Structures are given as C-alpha cells and as structure tokens.
Amino acid sequence: MIPFLDLKAQYAGIKEELDKAVLGVLASTQYVLGEEVAAFEREFADYCGAKHAIAVNTGTSALHLALLAAGIGPGDEVVTVPFTFVATVSAICYAGARPVFVDVDPITLTMDPAKLEAAVTPRTKAILPVHLYGQMADMDAIMAIAERHGVPVIEDACQAHGAVYFGQRAGGIGLSGCFSFYPGKNLGACGEGGIAVTNDDEQMKTIRMLRDWGQEQRYHHALKGFNYRMDGIQGAVLRVKLRHLENWTEARRRHARHYSDLLSGATRIRTPVEADGRRHVYHVYAIRTHDRDGLQKALAAEGIHTGLHYPIPVHLQEAHLDLGHKPGDFPISEAAAREVLSLPIYPEMTARQVEQVVAAVEQEIYVC
C-alpha cells in the first residue's frame, strides 16, 4: 500500500523535537496564544519576507479576517476563482460580500489574468487569487489590474507555504496573504491552524484585534470580533516543523520531478507544469486524464491512494447555486474538475514508491 500522505512517517522523523515542544507548552500552561505562538508569528513572518504575521485557528479564519480588515462587507464583490477549495468562497460570504468568479489558466489552473479585468466592477472591493496546489498565480499581472482599479489583493496561499514568484515568497505580495496549517498541508499543525501575513501596520492591528474578540486590551472591545485564536500547542508544533519545511519542500520537488520524468512519454496524461519564475512546492501533484475515475479505481486496486482536488468547482456546488451559475460558465475549471487526479506525494516518500505509482499508472493508461 502507498498512502496519499504519511503523517506517521513525518512524526517519526521529528518525534523527539515535537514531544519536547508539546510538553513545554503543557508545563507552561500557555494554552491559548502565548509565547510559542508569538515566536512562531515572528519566525513565519520572517520566512515569508513579511513584516507581520497574525496566527489564528484556521486558514479560513485568516481569509475571513483579512477581508474584514481590508474593509470588505455587505454589498461588496470579491473576485476569485471557482476551481478552489470551498473555504476560499466561504470566507468571502462570511464577510457579507458576493463572490465573483473568473476562470483559471488552462496550464497552471490559477487565476487567468486575461479574464480578470472583465470581472471587475464598481462594486469590486478586492481580488482573491488562489495559489493552487502550491504554485503561485501570475501576481504581476493580477497586481497591475488591481492597482489600476484601486482594489487590494488578498492572497489565498493556504496550499503554498514557501512558494516563490520571481523571488518573492507567497503571502508577501498582496495586502495580506493567508495560510492554512491543516495537518496535511506542507506545513501542518497537529490539529487546526492558520495565519495571515502582511506588510501593512493597520491591517495587522485590525486582524490581531478581530481574532481575539476585537480587544485592544483585555476587556476593552473596540471591534465586534471573533474567537479565532491559535492554541499554544499548535504554535509550538509549527515552530518545530518550520525548521524542517525547506528540506521537506525540496523532497516534494524532487519527487515531483521524478514523477514528471517518468510520465513524460504518457500520451493520455498531462503532468503539472512549473511556470517560469515560480517555485512550485507541490502540496498536490495533480495529473490530468480523461478517464480520471477509471484510473483512480485501478490505482486503488493496486493499493495506491489518490485524491480529487477538486471534483466539483465551487460555482456548481449545491451550497452556492444561489450565485446563479450553470454548467459551461467556467469551462476550464469544469474540465479540470473532471480530469484532475492527485498522486501520492510527501517528503518521506521513496523514489521506489514513486516508481511503483508510475508503473501502475502506465499499466492502466498505456505509454507509447
């Protein structure tokens, strides 16, 4: 059996460090926020090349608060993509705004700047590109359009820890960048977690208050806020894991290159493309094939676990049919949803396991 992800192998490799960090929090009794969270905020901001980082309980909360701090509210529109995890769109709805979709680029599956300008209206108050699968969107083009229209960009970097766009790390280009630390992410907590990074002092101040009941100081509530604080244990865990992130990322990239090299002769499969000037961190290694479901079943029969990211674009999800979209509105996203299949990829994976996966894929789809 080859798992899609092996968190037990990750834990085994850092067990001593992780156990010590967790026990330290238990001894300190700083269970909510506290010194470990504050230290992680400083270290992650530095890692991203950002001035500030504000740790919260989930990546969704980071997106929600970044939008609120940017002044987004009822009656506003936020432009994003339909080919993403639903949390991107949910955060917009939580802020009271309306999601407006633009289709994705057919190669990178990130926001297509060529389609973006037509979606901007006088009601547009933010643009929210998604750095899907670990590759950053075309930020120069997106930022240029945003600047022409005077609207901020909030980066959904929930899958893109350490991704780079022409020398700049994910999260540090827009007004805010938002990350998830769900356990399966490249940098994952032992539970839930998220963070917003920003270079803007006011954005930082507002997000920091909003995550803790809108308090400027204890029991002095300047804003109507939320209980979105990060646990102390997660802060300590993430500090340990951050020290390993670059090595883990390089392992993912090595496995991705091995996959792509071995699958280069496939006639019925498209492998992911790392766009010029970008460092893809391969949170997901998603191939595309017309018989996705058949291939997934065949791999499962061989004991190879795969994933679907994502089988239904958000504009066709039942929860968001009120937006008024129909099949055919975003054809690139819809085609991707029918075709993508995520192969196993994680740092502890061996070259032999990659080769076993490829052999099983070849057996099913025929390589010329």
Side-chain angles (χ1 to χ4, degrees), residues 1-15 18 83-86 109 132-135 158-159 161 180-192 241 244-245 247-274 280-313 335-368:
M1 187 191 77
I2 299 177
F4 182 68
L5 175 69
D6 193 346
L7 291 179
K8 289 183 178 179
Q10 184 190 81
Y11 175 56
I14 58 173
K15 183 179 187 303
L18 212 56
F83 193 61
T84 181
F85 181 57
V86 71
L109 301 182
L132 191 73
Y133 297 160
Q135 177 157 236
C158 287
Q159 300 180 4
H161 316 72
S180 166
F181 302 125
Y182 185 77
K185 295 295 170 67
N186 292 23
L187 179 61
C190 292
E192 297 275 10
K241 291 191 175 188
H244 296 273
L245 180 58
N247 288 335
W248 290 343
T249 298
E250 286 307 309
R252 285 177 176 272
R253 288 173 54 77
R254 185 166 60 250
H255 298 325
R257 286 193 298 270
H258 199 185
Y259 268 133
S260 294
D261 289 344
L262 293 173
L263 290 168
S264 61
T267 57
R268 302 181 186 180
I269 279 183
R270 281 182 282 173
T271 56
V273 174
E274 183 176 60
H280 198 321
V281 297
Y282 294 100
H283 171 58
V284 165
Y285 185 90
I287 61 173
R288 295 183 66 173
T289 180
H290 291 302
D291 187 19
R292 185 265 311 282
D293 294 341
L295 178 57
Q296 185 176 40
K297 289 176 183 177
L299 294 178
E302 297 291 326
I304 297 168
H305 294 195
T306 57
L308 300 181
H309 302 92
Y310 298 95
I312 304 173
R338 291 190 298 269
E339 297 173 358
V340 292
L341 179 66
S342 305
L343 300 183
I345 192 165
Y346 48 93
E348 300 79 14
M349 198 174 185
T350 66
R352 176 61 182 147
Q353 286 176 310
V354 172
E355 291 157 9
Q356 287 177 288
V357 174
V358 170
V361 171
E362 288 177 345
Q363 182 176 330
E364 177 64 21
I365 56 91
Y366 308 109
V367 175
C368 59

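In this text the structure is predicted, and so the values were computed from the model without any measurement.
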Report all side-chain donor-acceptor pairs from residues 294-309 shorter than 3.5 Å, counting only partners two or more places apart or in another chain.
residue: Q296; atom: NE2; partner: T306; partner atom: OG1; Å: 3.1
residue: H309; atom: ND1; partner: S342; partner atom: OG; Å: 2.7

(request) Write down the atom of Y310, the atom of Y133, and the distance for their closest heavy-atom approach. (result) N-OH, 4.1 Å
(request) Report the C-alpha distance between E355 and V358 in whole Å, list the side-chain angles of each, state the deciding distance to 0.1 Å, and finish with yes or no for side-chain contact (heavy atoms from CB on, under 4.5 Å). (result) CA-CA 5 Å; E355 291 157 9; V358 170; 5.7 Å; no
(request) Before giving the answer on ring-ring contact (aromatic ring centres under 6.0 Å, His included), spell out for F181 and H161 the whole-Å C-alpha distance, their side-chain angles and the decisive distance to 0.1 Å. (result) CA-CA 9 Å; F181 302 125; H161 316 72; 5.7 Å; yes
(request) Measure the CZ-CD1 distance between R338 and I312 for me, rounded to the nearest 0.5 Å. (result) 12.5 Å
(request) Would you indicate whether the side-chain heavy atoms of V340 and L109 approach each other to under 4.5 Å? (result) yes
(request) For the residue pair I269 and T271, establish whether any side-chain heavy-atom pair is separated by less than 4.5 Å. (result) yes
(message) If I compare all heavy atoms of P272 with all of S260, which pair ends up nearest, and what's the gap?
(response) O-OG, 4.4 Å
(request) Take the angle between the ring planes of Y259 and Y285 and call it parallel below 30°, perpendicular above 60°, tilted in between. (result) parallel
(message) Nearest 0.5 angstrom please: R253 CZ to I345 CD1, how far?
(response) 10.5 Å
(request) Measure centre to centre between the rings of Y346 and H255, then say whether the value is under 6.0 Å. (result) no
(message) I need the L132 CG to H280 NE2 distance, nearest 0.5 Å.
(response) 8.0 Å
(request) With sequence neighbours left out, write down each residue that passes side-chain hydrogen bond (donor to acceptor under 3.5 Å, both in side chains) with E339, or none if nothing qualifies. (result) R270, R288, H290
(request) Go through Q10 and W248 one step at a time and tell me if the side-chain contact (heavy atoms from CB on, under 4.5 Å) criterion holds. (result) CA-CA 10 Å; Q10 184 190 81; W248 290 343; 3.6 Å; yes
Show every donor-acceptor pair shorter than 3.5 Å between a side-chain atom in residues 183-192 and any protein atom, with sequence neighbours excluded, or say none if there are none.
residue: K185; atom: NZ; partner: C158; partner atom: O; Å: 3.3
residue: K185; atom: NZ; partner: S180; partner atom: OG; Å: 3.2
residue: N186; atom: OD1; partner: H283; partner atom: ND1; Å: 3.1
residue: N186; atom: ND2; partner: V281; partner atom: O; Å: 3.0

(message) Restricting to non-hydrogen atoms, name the atom on P3 and the atom on P344 that form the minimum distance, rounded to 0.1 Å.
(response) O-CB, 3.3 Å
(message) Applying the side-chain contact (heavy atoms from CB on, under 4.5 Å) criterion to V357, which one of E362, H258, M349 satisfies it?
(response) M349
(request) Would you give the length of the straight line joining atom CG of D291 to atom CG of L341, rounded to the nearest 0.5 angstrom? (result) 10.5 Å
(request) Working to the nearest 0.5 Å, report the span between CD of Q353 and CD of E348. (result) 10.0 Å
